[in-house]
Amino acid sequence: MVEAKVKEVLPQEVYQELQAIIGPEYITQDPVICQAYTGRGYAREQMAFLGYSTRPACVVLPETTEEVAKIVRVCNRYRVPYTPASTMWVIQAQPRFRDDVVLIDLKRINTLEIDEKNMIAVLGSAVIYGQLLEEAMRKDMYTIAPGGGSQVSVVANHLNCGICPLCYRIPLSDRRISAAEWVSPEGEVVRMGSRVNDENSWFWGDGLGPSTLGILRGQFGWNGGLGIVTKMSVKLYPFQPERMEPEGRSPETHSKLPPRMKFYNFSMPSGEALQKAMDEISKAQITANAQKVPVSWRQLAKSRDRNDFWEAWSKTTEEDIAKTHILRVFIVGYTSQKQLEYEERVLMDIIVGELGGELRRTRQTDQSLLKMSDAAGMWMMTGGYMSNTAGVDSQRLCAQTGKELGQKMLEYSPPLMPQYNDPGWYQATEFGHQCYLEVPAYMDPDKIDPKSPKYSKEEATRVYQWYMSAVPQIEVKNGFYSIFDGQHIPIGLKGPAWHNYPLWVERFKAEFDPQFVSNPPQPWDVDEIQKRHPEFVTKEAKEAIAKIAKR
Ligand SMILES: Cc1cc2nc3c(=O)[nH]c(=O)nc-3n(C[C@H](O)[C@H](O)[C@H](O)COP(=O)(O)OP(=O)(O)OC[C@H]3O[C@@H](n4cnc5c(N)ncnc54)[C@H](O)[C@@H]3O)c2cc1C
């Protein structure tokens, strides 16, 4: 029965043409297999819970760029939408709102080569950070491991975000990409970067003429809305040679830090002192990372399980948060042990000597920074997690926006987990020239899932109003750009106050994806939700944003 419905939504000639491209083994319409590609990943609250995450009409698994290009051309010929998918950690890697989508699962494009001399890795879309980091660290090189976890695709992450605490020394991802192979939304194969001149050269990001790589990247990318990158070369960075030894038994595992890497936790006397500390560290050009972490994460790190967390957390007060200013610093002796010792001395002079910070006992193990296993733990407190906002801006703006969001969240807890006016997480990026802010919010997913007996429409609406009204209102007022536009925030709502950038999105789409088949409706996903649930965007937010847009 279900099979018959699937055939109805995808014309049989499309299926047959796709099958002729990759063979019967790598295509399926089996509803059970297709269902497995549904309702997973980040932001599932908005899509899966509201019922907009849909089953693909068919799944194809190409192995080469040419196969991807041919599939995309067939989709264009028949005006059938397609969604590229790497490890599917975000919901935009799955079909939404419609049931005629071809899901292009890229997991067979899994080649990885490391060019040690030029310090680049050339990789297919299926290669994950875990694989790349293991190979790179054997050669004393490193890149990043995003908070989303080292199980995500390196290519997908470089296209969409690509940030981690080590982006203090290591640049943000738009500058880590060297060359790429892009299947345009209409199925043309475009070589980018140095491959424009020489197909075998993966060495640098700009070819002759305008850099076409710019089409693909922003602070956050297109989330599959502008074709598919099948291969990419990414830069690798010098690291230290000592191995991190794994210890413990799952789930209590960590890596032991070798002597050339060291963590420091400081209690700072005030938020201002913490900010100043980050500035001074940057000016002295020391450390591999300096960050202020939300207080709840500290409690999380100390807790054995969810009950343990809640026992301690429910006793927390706003006064506790107001006097807790933890600065976490990480030093790597990139060139030698002496470098670490030198940086440690400068660090102590600044933090303890000048700013009155106090060094706390710090475990020399890593559970989440270098090989990143954070992603699973982040959900532990409530089982539901979404960041309200995240983005790169000046330190002043990050601190101010975090402060205002922390304060505003008081009005939304419950249904959000209380964070007692915590201004979130921020860290210095690019040697302190910029700063990265992220303010996570947690909620009980059962309260917002209509399928759960604990569901509360009122609380669910309040949660969505937080993401889609309260947060963008503060961002727009402050001029803080969020990487979550289009993921939690309607771009049509914010865009007019942001130089009308959705007009540019439309122009790019009209030029490169005239049939609108590349992962629709991205980046208009949340606008679509707003249309269907006007109550999620409050009158107050609409008016406040429109007022700023008029200026
Ligand atoms: C809990 C959590 C924490 C996170 N923290 C961080 C963080 O600290 N830093 C950070 O950088 N990111 C973070 N992320 C987001 C992270 O960027 C993404 O999860 C990751 O990049 C997605 O990789 P993936 O392989 O799962 O891609 P997918 O989910 O498969 O795809 C992501 C998007 O890109 C599209 N896509 C996939 N492959 C391609 C391709 N080859 N070409 C074109 N489009 C493609 C998909 O259609 C989809 O829209 C976090 C995510 C979660 C869930």
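For ligands, and for the atoms within them, numbers begin at 1 and follow the listed sequence.
In the vicinity of S125, heavy-atom distances shorter than 4.0 Å reach the ligand 1 atoms 41 (N). With ligand atoms numbered from 1 in the order given, ligand 1 contributes 42 (N), 43 (C) to contacts under 4.0 Å with heavy atoms of I228.
Inter-residue side-chain proximity for K494 and S482 is flagged as met; some heavy-atom pair is nearer than 4.5 Å. Residues Q92 and P523 fail the side-chain proximity criterion, which asks for heavy atoms closer than 4.5 Å. A heavy-atom distance below 4.5 Å is found between the side chains of E181 and V189. R98 has its side chain within reach of P520: a pair of non-hydrogen atoms, C-beta onward, lies under 4.5 Å apart. In this structure, the side chains of W466 and L405 come closer than 4.5 Å at one or more pairs of heavy atoms.
Checked against a 3.5 angstrom limit, the closest N/O atoms of V229 and ligand 1 fall inside it. Checking only distances, G162 does come within under 3.5 Å of ligand 1, N or O to N or O.
Counting heavy atoms closer than 4.0 Å to ligand 1, residue N519 contributes side-chain atoms (C-beta onward) but none from N, CA, C or O. Only side-chain heavy atoms of L159 come within less than 4.0 Å of ligand 1; its backbone N, CA, C and O stay farther off.
Between A156, P95, G227, it is G227 that holds the heavy atom closest to atom 43 (C) of ligand 1. Looking at I109, L103, N157 and measuring to atom 17 (O) of ligand 1, the nearest heavy atom belongs to N157. Of the candidates A93, P146, A85, it is P146 that places a heavy atom closest to atom 10 (C) of ligand 1. When G224, S86, G124, C167 are checked for heavy-atom proximity to atom 38 (N) of ligand 1, S86 turns out nearest. For the residues A126, G148, S518, S153, the heavy atom positioned nearest atom 13 (C) of ligand 1 is part of G148.
Contact analysis puts Y385 in contact with ligand 1, with a non-hydrogen atom separation below 4.0 angstrom. Residue contacts with ligand 1 leave out S173, since none of its heavy atoms falls under 4.0 Å from the ligand.
V229 pairs in a side-chain contact (heavy atoms from CB on, under 4.5 Å) with only one of the listed residues (L159, T65, L106, I109), which is L159.
The distance between the ring centers of F97 and Y52 falls below 6.0 angstrom. Taking the six-membered ring where the residue is Trp, the centroids of Y168 and F431 are separated by under 6.0 Å.
Closest of all the heavy-atom pairs between G162 and C167 is O-SG, 4.1 Å.
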